[in-house]
Amino acid sequence: MIILEDVYKRYQTDHGPGKWVLQGISLVIPEKVNVGLIGRNGAGKSTLLRLIGGVDQPSRGRIERGGRVSWPMGFGGGLQGSLTGRQNTKFVCRIHGHEEDLQDRIAQIQDFAELGDAFDEPVRTYSSGMRSRLQFALSLAIDFDTYISDEITSVGDAAFRQKAATAFKNLAGRASLIMVSHGEAILKQFCTAGIVLQGGMAYWFDNIEDALRAYKESLPV
Amino acid sequence: MSRSAFLITCSVWKALFLREAVSRLRAERAAWFWLLLEPVIYIVSLMVVFTLFRMRTVGGIDTAVWLMVGMLAFFMFNRTALRSMSAISANQALFAYRQVKPVDTVLVRICLEGFLMVLITIILLSGGSLFGLDVSPADPLAVLLAFFGLWLLGAAFGLIASVAVVLIREAGKVIEFSAKPVYLLSGAIFPIAAVPSPYRDWLVFNPVAHGLEAARLGFAPYYHAIPELSITYLYGCSLAALFFGLSLHQHFRIRLITQ
């Protein structure tokens, strides 16, 4: 269960505090419910995911995480460019307490990411698709109660998207998912509930179809 | 499965240490060579200068030993301080994982630099003995005490500066250009004992100078160190600054990862 209490967020810019991105969001995300996060570009979807994942801190308000929550999988973050895919993998396994079964985890991640020889090349030489493959494989190899996905599926090729879809499906029952996506089909396929972000406020819908409809109605024609 | 906070911190430190060591030693071609080369170049070039001035001894000990010990002791402080200062910005990507805290990256760099400097010091001193220098310390414990004190001081400086450069972006520039005079004012390349009294009173406020003199005195008991030398002063400054640095990290722990 993830509880957000009156969460405000604005970023620090070079000339003082910027404008509010999130303005007073209060939500309770129940356990074992897959949630889709919907909103226009710049509505604060990634910001909210980063706050839920604990990568960034709210300017005001409180976030409570019950259970183990993953870091947001998706663009950038969490990988160091000068190190190889394998070295990054070892690091992530170690900090998550998988020192004993390190080799098994590495094998599993290597197998899922399907990077071939590039696994032993520095991450800065990777394409964005390869990066998200590695990130995705990394977070799946660690046991979380909630996985956070920031458009992880949008950069991969067809085969990878297929693989990601299967992996998401296998999570059902074991863990829940909070995902941002602009693909309606993907949201409908995986999510039961939805959150629409608009004007710094969040609106909860028990049904993803309702969320998508409300979002479409809010768009200027 | 839930792990205790202590176990999590230990696994983070271990992973960070291995990661830092790999990127420090394998990031560029022959990185370990450059690690050794920097102090060697400083020491050799200054030896040439001192030889030109025909200064065979400084304060009663061989110029080469005086320079070498002073330089290595100074590097112990300097490298620890400057490398750990930039730890937070260099590891920004890792704060994506909640268990990695800014202070962890600083502490790990402090330990890694200390470890590397011990290796470098041993290698260079053994190298010096191959050239016939008398590098066996008369009082090894005093030398260790001086080096450890300088490392602690570097650690304290790094902890404070690492917070400062994140909160005030200009602080990094100021620290960078003020690091050069510290090198002069610490008596790494000229004997502070030779400075006349009213000015020396100011120089001995610098705890690094005490560490350098103490290290030299540990190598040769007949060395004419500054009369004000106090290892207690070095440790007092280090511990006070260390406490201040850690409390800065505690106080700003949320600010440091907020964007």
Side-chain angles (χ1 to χ4, degrees), chain A residues 9-14 17-18 21 47 49-60 63 65 67-84 86-100 102 122-124 135 138-139 142-145 148 150, chain B residues 1-29 31 86-105 107-109 112 165-170 249 251-259:
Chain A
K9 178 68 189 177
R10 62 178 169 188
Y11 288 100
Q12 212 61 39
T13 66
D14 284 342
V21 183
T47 300
L49 281 191
R50 288 166 57 81
L51 293 180
I52 292 174
V55 180
D56 204 348
Q57 301 293 323
S59 312
R60 255 191 253 162
I63 296 174
R65 280 177 288 269
R68 289 160 59 103
V69 180
S70 86
W71 64 92
M73 327 176 236
F75 298 110
L79 298 174
Q80 188 156 310
S82 60
L83 298 181
T84 67
R86 186 185 299 277
Q87 287 163 342
N88 274 294
T89 303
K90 279 187 184 169
F91 177 79
V92 172
C93 290
R94 283 201 180 104
I95 62 170
H96 286 91
H98 293 296
E99 186 69 50
E100 285 82 34
L102 191 61
V123 167
R124 73 177 123 76
Q135 276 204 317
L138 280 174
S139 46
I142 315 284
D143 300 319
F144 289 113
D145 299 317
I148 303 179
D150 190 356
Chain B
M1 178 195 69
S2 74
R3 297 178 290 156
S4 71
F6 177 73
L7 272 181
I8 295 174
T9 306
C10 285
S11 63
V12 167
W13 283 350
K14 183 182 176 190
L16 273 174
F17 188 86
L18 291 169
R19 174 196 190 96
E20 284 282 336
V22 165
S23 48
R24 189 95 164 95
L25 296 174
R26 293 237 318 251
E28 48 188 315
R29 278 189 294 176
S86 56
I88 296 180
S89 54
N91 288 303
Q92 197 73 51
L94 301 185
F95 303 131
Y97 311 109
R98 278 189 306 281
Q99 57 269 64
V100 183
K101 304 290 179 205
V103 69
D104 294 333
T105 64
L107 292 176
V108 163
R109 276 209 173 177
L112 179 67
V165 295
V166 175
L167 297 186
I168 315 158
R169 219 171 296 170
E170 293 75 16
H249 269 275
H251 186 258
F252 289 112
R253 66 194 183 283
I254 307 244
R255 266 291 298 280
L256 288 176
I257 49 170
T258 305
Q259 286 166 13

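Given the structure is predicted, the values throughout are model-derived calculations rather than measurements.
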Trainee: Using non-hydrogen atoms and a 4.5 Å limit, figure out which bit of A:Val92 sits close to chain B: side chain, backbone, both or neither.
Mentor: side chain
Trainee: If you measure from CD on A:Glu99 to CG on B:Leu7, what distance do you get to the nearest 0.5 Å?
Mentor: 12.0 Å
Trainee: The criterion is salt bridge (Lys or Arg N to Asp or Glu O under 4.0 Å); which residues satisfy it with B:Arg109, sequence neighbours excluded?
Mentor: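 Expected list: B:Glu20.
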Trainee: Treating B:Tyr97 as the side-chain partner and A:Trp71 as the backbone partner, does any N or O pair qualify as donor plus acceptor under 3.5 Å?
Mentor: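 The answer is no, because no donor-acceptor pair under 3.5 Å joins these two groups.
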Trainee: Which bit of A:Ser59 comes within less than 4.5 Å of chain B, counting heavy atoms only: side chain, backbone, both or neither?
Mentor: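 No part of it gets close to chain B.
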Trainee: For a quick test of reading the model, state the closest non-hydrogen atom pair linking B:Val100 to A:Phe91 and the distance between them.
Mentor: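 Heavy-atom minimum between the residues: CG2-CZ, 4.3 Å.
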Trainee: So, using salt bridge (Lys or Arg N to Asp or Glu O under 4.0 Å) as the criterion, who are the partners of A:Lys90 when residues are at least two apart?
Mentor: none
Trainee: Do the side chain of A:Arg94 and the main chain of B:Ser11 share a donor and acceptor less than 3.5 angstrom apart?
Mentor: no
Trainee: Which atoms of B:Arg255 are under 4.5 Å from chain A, going by heavy atoms: the side chain, the backbone, both sets, or neither?
Mentor: neither
Trainee: Taking all heavy atoms of A:Val69 and all of B:Arg98, pick out the closest pair and write down the distance.
Mentor: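 Here A:Val69 and B:Arg98 meet closest at O-NH2, 2.6 Å.
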Trainee: Pick one of side chain, backbone, both or neither for A:Arg50, based on which atoms fall under 4.5 Å of a heavy atom in chain B.
Mentor: side chain
Trainee: With a 4.5 Å heavy-atom cut-off, do A:Asp56 and B:Thr258 have their side chains touching?
Mentor: yes
Trainee: Rounded to the nearest 0.5 Å, how far apart are OG of A:Ser82 and CZ of B:Arg19?
Mentor: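 Taking OG in A:Ser82 and CZ in B:Arg19, the distance rounds to 7.5 Å.
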Trainee: Where is the tightest heavy-atom contact between A:Ile95 and B:Gln99, given as atom of each residue plus distance?
Mentor: O-NE2, 3.3 Å
Trainee: By a 4.5 Å heavy-atom criterion (distance strictly below it), what part of A:Gln80 contacts chain B: side chain, backbone, both, or neither?
Mentor: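 Interface part for A:Gln80: both.
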Trainee: Distance check, rounded to the nearest 0.5 Å: B:Leu94 atom CG versus A:Leu79 atom CG?
Mentor: 9.5 Å
